[in-house]
Structure formats: C-alpha cells, structure tokens
Amino acid sequence: MDMKSVESKWQQRWEKTKENNFNKKDTDRKYYVLEMFSYPSGAKLHVGHWYNYGPSDTFARFKRMQGYNVFQPMGFDAFGLPAENYAIKTGIHPKDSTEQNIATMEKQLKAMGAMFDWSAEIKTCEEDYYKWTQWMFLKLYEKGLAYRKEAPVNWCPSCNTVLANEQVQEGCCERCGTPVVKKDLTQWFFKITDYAEELLAGLDTLDWPEKTKLMQKNWIGKSVGCEIEFACESGDTFKVFTTRCDTIFGVSYVVLAPEHPLVKKLTSDEQRAAVEEYIEKTAHTDEIERLSSAREKTGVFIGHCAINPVNGKKVPIYAADYVLYSYGTGAVMGVPAHDERDFAFAQKYGLPVTKVIENKNGETILPFTEDGICVNSLQFDGRFGEEARTEIANHLTKLGKGERKVNYRLRDWLVSRQRYWGAPIPVVHCPKCGIVPVPYKDLPVRLPYDVEFKPDGKSPLAKSEAFMHTKCPHCGGEARRDPDTLDTFVCSSWYYLRYADAHNAKEPFDTETVDKMLPVDKYIGGAEHACMHLLYARFFTKALRDMGYLHFDEPFRSLVHQGVILGPDGNRMSKSKGNVISPDEYISVYGSDVFRMYLMFGFSYTEGGPWNDDGIKSVAKFLERTERLVRRSFEEHGDEMPFAAAEKELNYVRNNTIRQITRDLEVFSFNTAVARLMEFVNALYKYDGIQEKSVPFLQECVKDLILLIAPFAPHFAEELWEAGGQKYSVFDQHYPVCNEKALIREETEYALQINSKIKGKLMIGKDMPREEIESLVLSSDLVKPYTEGKVVKKFIVVPGRLINIIV
RNA sequence: GCGGAUGUGGCGAAACUGGCAGACGCGCCGGACUUAGGAUCCGGUGGGUGACCAUGCAGGUUCAAAUCCUGUCAUCCGCACCA
C-alpha cells in the first residue's frame with residue numbers, strides 16, 4: 001500500500017466530512033480525551049510528541065468506536081521563555097517565531113492523522129485567549145486569592161535579569177553559568193495554600209498513577225503538630241512549631257532563623273558583632289548550599305535566653321540557618337536527644353543532651369527519633385507516643401502556651417515574571433489609588449509587539465512607554481501599568497476548560513457547557529508536571545468552583561503518563577548529546593500509521609526506553625502481511641461450510657483477540673494489544689491455508705480484523721474498509737464485541753505436575769467433576785510410573801490450568 | 001539522607017487475583033518457492049541438551065513464587081535541614 005497517498009487521501013476526506021469534529025449536541029455519551037498541549041519551542045514534532053499523541057489517539061479512536069462521542073482537542077501552550085531566549089539569541093521576535101513554529105507543527109500534527117478536533121484549537125498567546133487568562137487573574141484577585149508581597153527571586157548578575165526557577169541549573173544561570181543570587185522584589189502570588197488541605201484530600205478520589213499522587217502529597221507536605229509559645233527573659237514571646245511536643249522536656253536550646261525579627265532585637269551587646277557577622281554570612285550563602293542537609297550545622301548564640309513553658313527552665317537562644325524562616329514559625333525548639341539535626345548542633349556547640357523518650361525494648365541509642373515512652377517528663381512519664389503528645393498538647397493549651405497546628409510545606413505560587421513573552425498582569429499602579437485592577441471591559445491588556453526584550457535588569461515591558469503609560473481606571477489620573485507578565489503555567493491552568501467552549505467571545509467559558517463536558521475523562525502527558533501544572537490546574541478548578549463558575553471538584557478524573565523515549569545510547573535525547581531521533585525520515589519511508597504502531601508495539605507505554613528501530617520494519621511487514629490477507633480474502637469465492645473444528649478454533653482466536661484488545665486498550669497496554677492483532681492475523685493465515693474452508697466465515701473474520709486494527713492504523717484500516725466495499729467510515733462502525741460463548745472450549749489442556757514438577761500435559765473436559773478427573777489422571781499412563789508403590793498425599797486441581805499430585 | 005519505581009533470553013518485551021516463565025516480535029538457524037532473495041510462506045530457537053538449571057543476589061512462607069515476606073546489591077526518578 002502506498003501509505004503516503006493513502007494517508008493524505010483519508011486525511012482530506014476526514015477533514016471534508018468533519019469526521020473528527022465533536023458533536024456538541026450529544027454530551028450524554030461524551031468522552032473527553034486530552035493530551036497535554038504542545039509547547040512550540042522547536043519547529044518540528046519530535047519523537048516525544050508522537051509518543052504522547054499517537055497511542056493516545058489510538059485510545060481515543062477505540063473509545064469512539066465503542067460508541068462514545070469523543071472530544072479530542074489540540075492546541076499550543078505558546079507563551080514562554082524558550083521563544084524569548086531564542087529571540088534574544090537571533091533577534092527574531094517571539095511572536096513571529098512562535099507563529100512560524102505553530103504553523104509547522106499544525107501541519108505535522110494534521111499529517112499524523114490523529115482525530116483532533118481542530119475546530120476547538122487554542123493558542124495561549126492569542127488575544128482572545130490571554131484576555132481570559134487576565135480575567136482569571138482578576139477573579140482570583142477579587143476573591144483574595146491573588147496578592148502582592150516582597151519575595152526573593154533568582155537573579156543572574158551577569159545577564160542582569162531575573163530567571164525562572166526552571167532556568168536555574170545547579171545554582172547557576174543556564175545561559176552564562178554565573179551563580180544565581182537571591183534578590184528581593186515585590187511579586188504577585190496566588191494563594192494556593194488556601195487549598196492545601198483540599199488538594200491533598202482530593203487525591204484519594206483520583207484515578208491517577210500512585211506515584212504522581214504521592215509526589216503531590218509530599219509536595220503539599222502536611223504535618224500535624226503543635227505551636228508552642230516560649231517567653232524570653234526580655235518579656236518578648238515567640239512561637240515554635242513542632243510535631244514532637246512529647247519531647248518538650250528535653251529542650252536544651254531554641255533556634256530562630258537568622259531572618260527572624262527577634263534576632264536583632266534580643267541580641268546582647270557582647271554577642272552583637274558575632275551575630276551580625278553570622279547573618280551577613282548566611283545571607284551570602286546561596287540557597288542551594290544552605291538547603292543542603294549534608295552541610296554542617298552552624299549557628300550563633302545571641303546572648304539571650306528563653307523559658308521552657310512546661311518546666312520553667314532557662315535555655316539559650318541561637319540563630320542558625322538550618323531553621324527556615326519561611327516554614328512554620330521560623331523558630332524551633334532544640335531537642336538534641338530526639339532529633340538528628342539538633343543532636344549534631346548540640347554536639348558542635350556543647351549543649352546538653354537530655355533523654356526524655358525511651359525505646360520500648362530497653363536500649364535507647366541517642367538520638368532516638370522514634371516514638372517511645374516519656375521519661376524525665378514529670379507527670380507525663382510513662383506515656384507513649386501519640387498519647388503523650390495529646391496530653392502534653394492539652395496541658396499547653398490549658399496553660400495558654402500552645403495549640404495544635406497543621407503546617408504545609410506547600411508555598412504560595414509566585415506568578416510574576418519579569419519577562420516579555422507572556423500575558424501582561426492586568427493591574428494599574430496609581431499614585432493616588434494604589435493597585436487598581438483593569439476593568440473587565442478593558443481586557444485584554446495587549447502585549448505590545450514593539451518592545452526591547454533584550455535583558456538589562458528590568459522587565460522588558462517597563463521600557464515600553466506606550467505600554468506603561470495609562471490612566472487610572474479609578475480616579476482617571478496618570479498611572480503606570482504592571483510591567484510583569486504571568487507565569488505560563490497560569491495559561492495552562494485552565495486551557496482544558498476553554499477547549500470545551502473555545503469560541504466564546506463573552507466569557508472564558510459557559511458554565512453549563514463546561515459542567516457537561518468536564519472533567520476530562522482521560523488526560524495523557526508527561527510525569528514531569530506532577531507538582532506544577534497538575535497541581536496548579538487542580539487549584540484553578542477548585543477556585544473557579546468556589547466562585548460558582550463550574551460545579552465539579554477535579555479537572556482530570558483519570559491520568560496516564562507516557563514514558564520517555566530515550567536516545568539510542570540510553571540518555572535523554574538532546575541536541576548537545578547528538579542523540580536526537582527525528583520521526584520525519586521514518587515517516588517519509590513508512591508512513592505515520594507504521595510509525596505510531598511501532599511506538600505502541602516496541603515499548604511499554606508508561607515505561608518508554610531507548611530508541612531502537614529494529615522493530616519498525618516488522619510493523620511495516622505486519623501491515624503488508626495483513627493487507628495481502630485481507631485483499632486475497634475479498635477476492636475469494638466459496639460457500640458456507642459446516643462449522644467444524646478449524647472454524648471453532650479461528651472463532652476462538654477471533655473472540656479472544658477482541659476480548660484481550662478491549663482489555664489492553666482500557667489500560668494503555670498497547671504493546672500487548674498489537675501482539676494480539678498479530679496472533680489473529682497468524683491464525684487467519686493458518687485458516688486461509690486449509691483446503692476446506694468457509695469463505696464467508698473467513699470474510700466475516702477479516703472484517704472484524706479491519707475494525708480491530710482501525711484505532712492502531714487508521715488510514716490503513718479506512719483504505720481496506722473501502723476496498724472491501726464497506727461504507728464510509730470505518731470509525732462510524734462499532735468496535736467488535738467479544739462473544740463469550742466462542743471462548744468456551746469442550747476440552748482444556750491442563751499441565752500435569754508430580755510433586756510440583758511439570759511432567760506433561762493432559763486434555764480435560766470442561767464440566768468434568770473432580771472425582772472423575774482424579775480417577776482419570778491417576779489411571780493415565782503418564783502418571784502411573786510416578787505413583788506406583790507410592791501414596792498420593794494430595795491432589796490439587798486448579799480449574800483450567802493444572803493438576804498437581806503430591807506423592 | 002528520605003520517599004518511590006525498576007531489575008526476566010542475544011535484543012524490545014509478555015505473564016489475570018501466587019498456578020505450564022519467556023506471549024508477540026526482532027535477530028539467528030533450517031526448509032519451501034525461486035535465475036536470485038535483502039521478497040514471501042512454513043518450521044525451529046532460554047541454558048545444558050538425560051529424567052536438571054533458570055526471572056539482580058541471599059534466605060523464608062507455600063503443594064506451587066517473576067509475583068507474597070525479610071535482608072542485600074544495582075540503576076532510574078522525585079524531595080532534599082519542612083522541625
């Protein structure tokens with residue numbers, strides 16, 4: 001088959017008949033299959049795109065043939081840094097290069113022959129999309145979920161610019177290699193932490209890979225504990241957070257993060273010089289190093305003491321950078337006997353180590369960090385673990401010195417970017433009115449084309465007077481726009497909603513429509529987004545729900561991660577390694593059906609693995625072999641024959657194939673599904689080769705074969721379907737359904753074991769009672785030599801599988 | 001350091017709730033058809049080749065373990081002083 005012409009023939013036909021367009025009127029049977037949209041950084045589709053979209057399309061087509069009204073849209077995550085960096089390097093404007101790339105990719109995606117509904121296409125860099133991204137920002141702002149505060153950002157002193165976290169590699173600027181420093185800037189944040197608990201709890205309701213759920217869970221990092229107030233000699237108080245209030249009698253010092261405001265206030269004159277030096281030093285230590293747990297703990301005594309609220313003991317206060325100001329209260333109680341970090345710190349600074357928890361079974365080696373029995377803890381002696389914590393927490397509450405508290409590791413989402421190629425933040429800074437949101441009617445705040453985006457330390461937009469200069473929407477006075485743009489993850493946090501109502505000019509989406517179309521039934525994309533996009537999108541959905549714009553809790557009910565196709569050398573494909581495989585040459589030789597089918601057959605979908613094209617020819621061979629069989633069978637003539645053993649056998653294989661493929665596709669096991677197709681074709685060849693065959697039956701099986709293969713090789717199947725004189729389109733047919741009766745066999749082959757070792761095979765009738773099996777087996781010539789003169793101790797029958805005789 | 005995953009022929013990989021390890025294919029070997037085959041079709045293919053040994057390694061549970069348990073090694077991924 002000349003795949004090239006066949007593929008373009010059917011692609012044109014599908015487009016003309018709008019075969020792939022979703023029928024919006026029939027949402028009862030809707031099935032929303034979504035692949036993570038493309039980032040148009042390179043001009044061409046790479047193997048990774050194919051691996052994401054090809055097999056997913058097979059799944060989508062399968063669902064469609066099962067009778068679902070499948071919606072499978074595609075679009076482009078078009079804002080972002082690579083386009084801007086490319087522009088800085090080459091001088092080509094991000095808008096121009098992005099549009100160019102999108103045009104190429106669209107063409108290639110169409111040539112792939114996937115059933116994308118292009119009528120719902122989205123490009124996030126277009127005004128009619130980012131207008132609504134800005135709308136989202138304003139809604140979150142109104143709801144109190146967007147706020148501004150000063151925060152440290154990554155700053156490259158050589159490039160003179162702010163870098164996104166993704167651009168920082170091992171503490172250095174990815175472009176010039178200069179160590180990145182922290183700089184405080186006022187930034188916009190989304191209050192994702194308000195949803196920490198729900199984001200955590202909701203994970204249980206999702207059909208997602210366990211690993212991904214666990215990653216989100218750890219990322220959110222819930223810890224339940226206690227906030228305890230310590231008073232200082234000066235009368236000032238501060239709180240510490242601990243998950244181990246049962247160790248409070250073992251406190252031998254307390255630590256404040258160097259940034260803690262009380263450090264400056266409480267430091268004694270004698271210690272001032274040392275403390276200031278320490279603070280100075282830690283401020284210059286970069287984040288990466290400071291956060292390394294392997295690093296030796298350092299700190300300094302501030303010359304002031306605090307009082308343990310449970311026993312009145314005076315303990316020294318230290319400033320130490322192993323305590324993070326950004327987590328909990330920025331202060332910690334030091335219990336060397338029962339915390340490894342505190343132990344190391346106490347050793348270094350000669351602080352006392354007081355054992356207050358003992359191991360249940362006697363031996364207690366310090367530091368002992370597990371739950372144990374309280375000792376040296378006054379009235380709480382003898383209490384164990386959780387019980388001790390409860391009692392001590394209650395005691396502290398009664399004293400007014402503590403309360404239970406839940407802390408999360410999750411931080412608010414910093415969305416400001418001092419970059420050009422993104423959606424402008426729709427607020428105005430007015431000298432009189434302060435921060436004023438841009439009125440909805442004035443959206444979008446247009447991203448100007450003519451901007452100097454070469455980095456020099458300022459947001460590129462700040463240099464565009466035409467952009468910056470505006471009137472305050474509130475008082476009408478002179479005002480300035482916000483020069484920052486939104487993180488591109490904001491754009492991708494709601495695109496799955498826009499797809500459902502892509503052309504709505506009045507609002508981002510219609511609530512009723514979205515309620516019907518969402519959640520996404522199957523979401524397919526890379527695992528690298530586990531703690532970013534996949535978390536942000538969940539947050540957006542929940543926030544929009546609370547504002548009444550939609551009425552479901554989770555955007556993606558079921559999620560699958562494809563694996564990664566590595567270079568032939570086993571490393572990640574990268575230009576610098578020179579191991580990048582381009583799909584194009586394979587496609588020009590074999591066509592898109594063969595290529596996608598090979599991706600399905602040669603790898604375990606969720607595993608991926610090193611590229612190897614040995615098998616690609618075999619898939620081409622398989623399709624050719626299939627075609628020969630199909631075409632030959634169409635030309636054959638003959639009468640119906642009695643349904644004898646050969647027909648029964650073929651019918652068994654046929655129905656078993658249907659059953660297995662249906663099962664395999666449901667769980668994205670494409671490689672085994674293709675294997676089943678091959679088995680079926682082999683069985684058809686075998687049947688075709690016999691003398692007395694029933695041609696009508698053969699043709700009936702061949703018809704099933706075409707239907708079965710259709711989701712895997714869509715153009716190929718469509719062509720054969722037409723060649724068989726069937727009516728267009730093969731995708732409007734129902735996928736074959738397994739006839740369970742055909743799978744019942746009169747006799748099944750059992751494995752025969754003596755003392756658990758395989759000795760032979762045996763045919764056993766399907767309804768044979770156990771006693772009969774037993775006597776039949778024991779009297780068979782196969783078994784006799786093993787049982788003669790021995791006692792049969794046990795006789796095990798596993799129905800349909802094996803018989804094990806223990807002698 | 002913590003958390004998770006993976007480890008099966010020469011290769012890519014299969015194996016439902018423990019039940020015939022290696023489906024399907026690549027490669028290789030043999031045969032058929034051929035002037036020829038790198039096309040096609042058919043057969044064989046874990047190792048030794050005797051009733052034995054084989055799922056990273058060492059134990060354990062079981063009539064039966066790739067699968068469950070304990071320990072251990074290797075590789076990959078995520079988090080990385082979160083109190």
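Since the model is a prediction, treat every value here as computed from it, not as a measurement. Hydrogens, waters and symmetry mates are skipped; everything else that's a heavy atom, side chains included, is used. The chains referred to below are lettered A, B, ... by the order of the sequence lines, with proteins before strands, and numbering in each begins at 1.
Atom C1' of B/A66 sits at a distance of 14 Å from the matching atom of B/A13, rounded to the whole Å. Comparing the P positions of B/G44 and B/A36 gives a spacing of 26 Å, expressed to the nearest Å.
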Using a cutoff of under 3.5 Å, can you pull out all pairs of nitrogen or oxygen atoms linking the protein to nucleotides 75-79 of chain B, with atom names and distances?
from: B/C79; atom 1: O3'; to: A/R409; atom 2: NH1; distance (Å): 3.2

Scan nucleotides 9-14 of chain B against the protein and return all N/O pairs shorter than 3.5 Å with their distances rounded to 0.1 Å.
from: B/G12; atom 1: O2'; to: A/G602; atom 2: O; distance (Å): 2.3
from: B/A13; atom 1: O3'; to: A/N671; atom 2: ND2; distance (Å): 3.0
from: B/A14; atom 1: OP1; to: A/S604; atom 2: OG; distance (Å): 3.2
from: B/A14; atom 1: OP1; to: A/N671; atom 2: ND2; distance (Å): 2.9
from: B/A14; atom 1: O5'; to: A/N671; atom 2: ND2; distance (Å): 3.4

Show me the protein contacts with nucleotides 40-45 of chain B, counting only N or O atoms at under 3.5 Å.
from: B/U40; atom 1: O3'; to: A/R628; atom 2: NH2; distance (Å): 3.0
from: B/C41; atom 1: OP1; to: A/R625; atom 2: NH1; distance (Å): 2.8
from: B/C41; atom 1: OP1; to: A/R628; atom 2: NH2; distance (Å): 3.2

Write down the protein N/O and nucleotide N/O pairs, taken from nucleotides 53-56 of chain B, whose separation is under 3.5 Å; answer none if there are no such pairs.
none

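The residue A/Q753 sits close to a base: some heavy atom pair falls under 4.0 Å. Residue contacts shown for A/L802 include a base, since a base heavy atom lies under 4.0 Å away.
Under the side chain to side chain contact (heavy atoms under 4.5 Å, CB included) criterion, A/E749 pairs with A/K761, A/M763, sequence neighbours left out. Annotation: side chain to side chain contact (heavy atoms under 4.5 Å, CB included) contacts of A/A527 (sequence neighbours excluded): A/H561. Partners of A/R632 under the side-chain hydrogen bond (donor to acceptor under 3.5 Å, both in side chains) rule, at least two apart in sequence or in another chain, are A/D688. Here A/T237 pairs with nothing under the side-chain hydrogen bond (donor to acceptor under 3.5 Å, both in side chains) rule; sequence neighbours left out. With sequence neighbours excluded, no residue forms a side-chain hydrogen bond (donor to acceptor under 3.5 Å, both in side chains) with A/K313. Judged as a side-chain hydrogen bond (donor to acceptor under 3.5 Å, both in side chains), and not counting sequence neighbours, the contacts of A/E386 are A/R389. With sequence neighbours left out, A/P367 forms a side chain to side chain contact (heavy atoms under 4.5 Å, CB included) with A/E340, A/F343.
Here A/W413 and A/Y536 bring their ring centres to under 6.0 angstrom of each other.
For A/K761 against B/C20, a side-chain N or O and a base N or O form a donor-acceptor pair under 3.5 Å.
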Open item on the list: Show me the dot-bracket string of RNA chain B, counting Watson-Crick or G-U pairs under 3.5 Å, with | for pairs to another strand and [ ] for crossing ones.
Closed with: (((((((..(((......[....)))((((((.......))))))((....))..(((((..]....))))))))))))....
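Side-chain contact check for A/Y322 and A/D342: at least one donor-acceptor pair (N or O, by modelled atom type) lies under 3.5 Å.
OP1 or OP2 of B/A83 sits under 4.0 Å from a side-chain N or O of A/Y327.
Residues A/D412 and A/K191 form a side-chain contact, since some pair of their non-hydrogen atoms from C-beta on lies under 4.5 Å apart.
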